[in-house]
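Structure first, commentary second.
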Amino acid sequence: LLETAVAAVRTAVALRGSAQSEVAGAEALVGAATAQVEGAARNLSYCSVKAPMAGLLGRSSVSEGQMVGPSYAATLNTLVETDPMWVQFSPSATEWPLRDALLRMGEVAATVAYGGDASITARGRVVFASNAVDVSTSTIMLRAEFPNASGAFRPGTYANVTLDLGEIPNVVMIPATALVPRETEFRVWRVKADSTVEEVRVEVAAREDEFVGVTKGLAAGDRVVTAGTLKLTGGAKTVEAPPEPSASAPAGSPASAVK
């Protein structure tokens with residue numbers, strides 16, 4: 001009986017080993033099958049392109065059935081994000097100190113108007129300022145972000161940007177034509193009591209339509225030259241021109257135009 005029991009145990013152990021081998025073999029087959037499924041899914045994913053963002057597609061560059069791939073590199077299409085959108089503009093670097101001070105104080109609001117139709121506008125905010133001045137233009141690039149749910153604005157659209165600079169005290173408004181750019185600063189020709197002119201460095205704070213606000217360099221009541229400024233030299237005589245029927249300066253502007 002003992003020998004019979006020992007033999008039965010040995011047989012059971014042998015069967016167990018055989019069963020474990022079969023299980024290991026089956027698991028290997030399952031692993032191989034899983035790898036094949038994952039490979040097939042990966043290959044299938046190459047057949048579709050998922051957009052990384054919501055936006056607007058342009059004209060397709062390839063047609064259905066055309067060969068593409070590593071050896072046939074081609075841009076299938078171009079996707080652009082339209083909501084929100086960004087507008088870049090580059091004011092003069094001489095105006096940067098004021099804008100920098102406002103940006104440090106908090107959010108600076110921006111109104112974006114469609115270049116071809118001023119009635120189409122969007123309200124946004126300044127989100128970026130370049131860390132360097134463009135030496136070729138003496139400007140500094142700013143970027144504003146604004147919502148565009150209606151899709152009225154498209155990439156590449158020309159737009160007019162107006163920044164909300166808040167209230168600026170002690171500003172003298174003068175015609176923009178009086179400004180004479182000098183590399184990184186602005187100057188104007190101020191008319192003295194004897195009708196001769198002198199060149200004065202000014203600091204520009206803001207622009208409003210055809211006028212600019214000057215915070216330093218001029219005082220209320222000063223007269224400035226608005227025409228022929230590039231031909232003037234210090235001490236030159238000027239003659240005051242009669243008022244023109246064009247748009248007048250904002251209320252409170254002390255500057256008058258002379259030629």
Side-chain angles (χ1 to χ4, degrees), residues 52-56 58 78-181 183-186 188 202-218 247-253 255:
M53 61 186 180
L56 191 65
T78 302
L79 175 68
V80 294
E81 188 172 6
T82 57
D83 186 27
M85 288 196 73
W86 297 266
V87 58
Q88 293 185 179
F89 54 103
S90 300
S92 171
T94 59
E95 303 172 11
W96 170 245
L98 172 64
R99 286 163 174 74
D100 181 48
L102 292 173
L103 289 171
R104 291 178 185 275
M105 292 173 59
E107 187 174 286
V108 175
T111 301
V112 183
Y114 196 86
D117 188 346
S119 66
I120 303 176
T121 61
R123 189 74 170 169
R125 60 189 180 91
V126 176
V127 296
F128 173 79
S130 177
N131 62 355
V133 173
D134 186 333
V135 295
S136 63
T137 60
S138 190
T139 59
I140 187 165
M141 191 272 286
L142 302 179
R143 181 183 298 145
E145 178 183 292
F146 61 95
N148 185 43
S150 66
F153 293 87
R154 294 291 179 93
T157 299
Y158 175 79
N160 295 314
V161 181
T162 303
L163 298 184
D164 184 357
L165 303 180
E167 294 185 2
I168 307 173
N170 303 320
V171 173
V172 177
M173 301 298 293
I174 64 173
T177 53
L179 288 180
V180 180
E183 296 182 353
T184 59
E185 63 184 21
F186 286 112
V188 299
V202 296
E203 292 188 8
V204 177
R207 294 176 182 267
E208 182 180 344
D209 299 327
E210 299 177 358
F211 301 89
V212 295
V214 174
T215 55
K216 290 184 180 180
L218 293 176
S248 59
S253 173

Residue pair L56 / P155, side-chain heavy-atom distance below 4.5 Å: no
With rounding to the nearest 0.5 angstrom, report the CG to CZ distance, D83 to F153. 12.0 Å
If you round to the nearest 0.5 Å, how far is CZ of F89 from OG1 of T139? 11.5 Å
Taking all heavy atoms of V112 and all of A159, pick out the closest pair and write down the distance. CG1-CB, 3.7 Å
M53 vs L79 side-chain heavy atoms within contact, under 4.5 Å: yes
Check step by step if side chain to side chain contact (heavy atoms under 4.5 Å, CB included) holds for Q88 and F128. CA-CA 9 Å; Q88 293 185 179; F128 173 79; over 6 Å; no
P175 and V212: which non-hydrogen atoms are nearest, and at how many Å? O-CG2, 4.4 Å
Specify the closest pair of heavy atoms between A118 and A113, including all atoms of both residues, with the distance to one decimal. O-CB, 4.3 Å
Here the gap from R125 atom CZ to D164 atom CG, rounded to the nearest 0.5 Å, amounts to 14.5 Å
Shortest non-hydrogen pair, V188 vs A178, comes out as CG1-O, 3.6 Å
Pairwise distance CD1(I140) to OG(S90) - rounded to 0.5 angstrom: 9.0 Å
Does any N or O in the side chain of N148 come within less than 3.5 Å of the main-chain N or O of M85, such that one atom is a donor and the other an acceptor? no
Side chain to side chain contact (heavy atoms under 4.5 Å, CB included), that's the test. Do N170 and T215 meet it? Break it down for me. CA-CA 6 Å; N170 303 320; T215 55; over 6 Å; no
Rounded to the nearest 0.5 Å, the OG1 atom of T121 sits from the OH atom of Y114 at a distance of 13.5 Å
Flag if over 12 foreign heavy atoms under 6.0 Å of CZ, R123: yes
Between F146 and P84, is there a side-chain heavy-atom distance shorter than 4.5 Å? no
When rounded to the nearest 0.5 Å, the distance separating CG of L218 from CE of M173 is 12.0 Å
Testing the basics here: between F186 and P181, what is the closest heavy-atom pair and its distance to 0.1 Å? CD2-CA, 3.8 Å
Between I120 and A152, which heavy-atom pair has the shortest distance, and what is it? CG2-CB, 3.9 Å
